[in-house]
Protein chains: 2
Amino acid sequence: MLIEIDNHSGVPVYKQIMEQIRLAILYGHLEEEEQLPSVRDLASELQVNPMTISKSYAYLENEGLLMRKRGKGIYVSSSSQQIKEEEKIKILEESMSVMMAQASQLGVPKAELKLLFEKFCKSYKAE
Amino acid sequence: MLIEIDNHSGVPVYKQIMEQIRLAILYGHLEEEEQLPSVRDLASELQVNPMTISKSYAYLENEGLLMRKRGKGIYVSSSSQQIKEEEKIKILEESMSVMMAQASQLGVPKAELKLLFEKFCKSYKAE
DNA sequence: TCTAGTGTATTAGTTAAATAATACACTAGA
DNA sequence: TCTAGTGTATTATTTAACTAATACACTAGA
């Protein structure tokens, strides 16, 4: 399990862990039903408390990405890959709509808006 | 000075104040060189500590929107209008950053993101 | 100079989020 | 049943951001 913690980033450890596991599932580095490291193993590896790992796992289960089984372990949800494209777009449309409304209210010209978007796109990475 | 504080929003008071003053300048409700309420007056009006007001003013001066003059008062910066454009972009960048983070988290491919943006652009009108 | 109005540096207190410690609960295989 | 491995509920501690208290510093006008 390749997880790296930056103690100087200001981002809480449990969130850093969540993000990296989330991406690992998204990128297919972790397969459905695959077992994840035990809270103690990962905690030992990352030099943090097992409860911190448990917290990350708990949130990810709540998102539907993991399954927690007491006494057994943590597994990638069997439906983790079933998040529909349409659903993603729907959520994103709402987010983009808010941003565009803000831009409009500020009177930012379309050309400028496009330039800014391009700038963000350059450093954008997903999948 | 019309500033409203929502004590249940979770947003720090000094940030709420900053945002409202920033927008007041941006929208032209406050003119260059105009004097703002003293830290004590505004503190009394909003039922907070004067240092909280001072903190808001300090950050806004740092952004170039205000000038602080010890013993005299707080004034809208004479170059505030020149900073307007930069400020607008700054606000918009924050909004766009949130949207892009959302997209990234959802694993939306860059190409798809661009398509969606184009779609929104077509109906975009800046006042 | 004096006073009443400005802002502010320093310090202390408060609060909520994050992390850790401990003891407990569940599971599977010997 | 026993044991060694899982996860976790509860509680305490730590940390950083925020807010407040206090005392001080500056300005202008009487």
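Note that the coordinates shown come from a computational prediction; the quantities given were computed from them, not determined experimentally. A note on names: the letters A, B, ... follow the listed sequences, proteins ahead of strands, and every chain is numbered from 1.
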Examine [N]: is either OP1 or OP2 under 4.0 Å from a nitrogen or oxygen in the side chain of [X]? Give yes or no.
X       : N      : value
B/Ser54 : C/dT8  : yes
A/Arg70 : C/dT27 : no
B/Ser38 : C/dT6  : yes
B/Tyr14 : D/dC18 : yes
B/Thr52 : D/dT19 : no

Whole Å only: how far is the [atom1] atom of [X] from the [atom2] atom of [N]?
X       : N      : atom1 : atom2 : value
A/Asn49 : C/dA17 : CG    : C1'   : 15 Å
B/His8  : C/dT15 : NE2   : P     : 15 Å
A/Lys72 : D/dA4  : NZ    : C1'   : 16 Å
B/Leu46 : D/dC18 : CG    : P     : 17 Å
A/Leu60 : D/dT8  : CG    : P     : 12 Å
B/Tyr75 : D/dA28 : OH    : C1'   : 11 Å
B/Glu61 : C/dT8  : CD    : C1'   : 12 Å
B/Arg68 : C/dG7  : CZ    : P     : 10 Å

State which of [options] makes the closest approach to the side chain of [X].
X       : options               : value
B/Lys55 : D/dA9, C/dT8, D/dC18  : D/dC18
B/Val39 : C/dT8, C/dT19, D/dC18 : C/dT8
B/Met51 : D/dC18, D/dT8, D/dT22 : D/dT22

For this session: Take A/Lys15 and B/Asp41, find for each the nucleotide of DNA chain C with the closest heavy atom, and name the residue whose nucleotide sits nearer the 5' end.
Result: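 So the residue in question is B/Asp41.
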
Kindly indicate whether the side chain of [X], heavy atoms from C-beta on, has any atom under 4.5 Å from the side chain of [Y].
X       : Y        : value
B/Leu60 : B/Ile21  : yes
B/Met99 : B/Leu113 : yes
A/Ile5  : A/Gln47  : no

Please name the nucleotide paired to [N] by Watson-Crick or G-U wobble geometry with both distances under 3.5 Å, or report none.
N      : answer
D/dT11 : C/dA20
C/dA25 : D/dT6
D/dA30 : C/dT1
C/dT15 : D/dA16

Exercise. What's the shortest heavy-atom distance between B/Ser78 and B/Glu33, and which atoms?
Worked result: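 So the two residues come closest at CB-OE2, 2.8 Å.
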
Exercise. Taking all non-hydrogen atoms of both residues, which atom of B/Gly73 and which atom of B/Gln35 are closest, and how far apart?
Worked result: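 Looking at all heavy atoms of both residues, the closest pair is CA-NE2, 3.9 Å.
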
For this session: Map B/Gly71 and A/Lys69 onto DNA chain D by nearest heavy atom, then report which one ends up closer to the 5' terminus.
Result: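 Looking at the nearest nucleotide for each, A/Lys69 comes out on the 5' side.
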
For this session: Indicate yes or no for a side-chain donor-acceptor contact from A/Ser56 to the backbone of A/Tyr14 under 3.5 Å, with no hydrogens or angles considered.
Result: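 Yes.
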
Exercise. Can a donor-acceptor pair under 3.5 Å be found between the side-chain atoms of B/Arg40 and the base atoms of C/dG5?
Worked result: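 A donor-acceptor contact between them is absent.
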
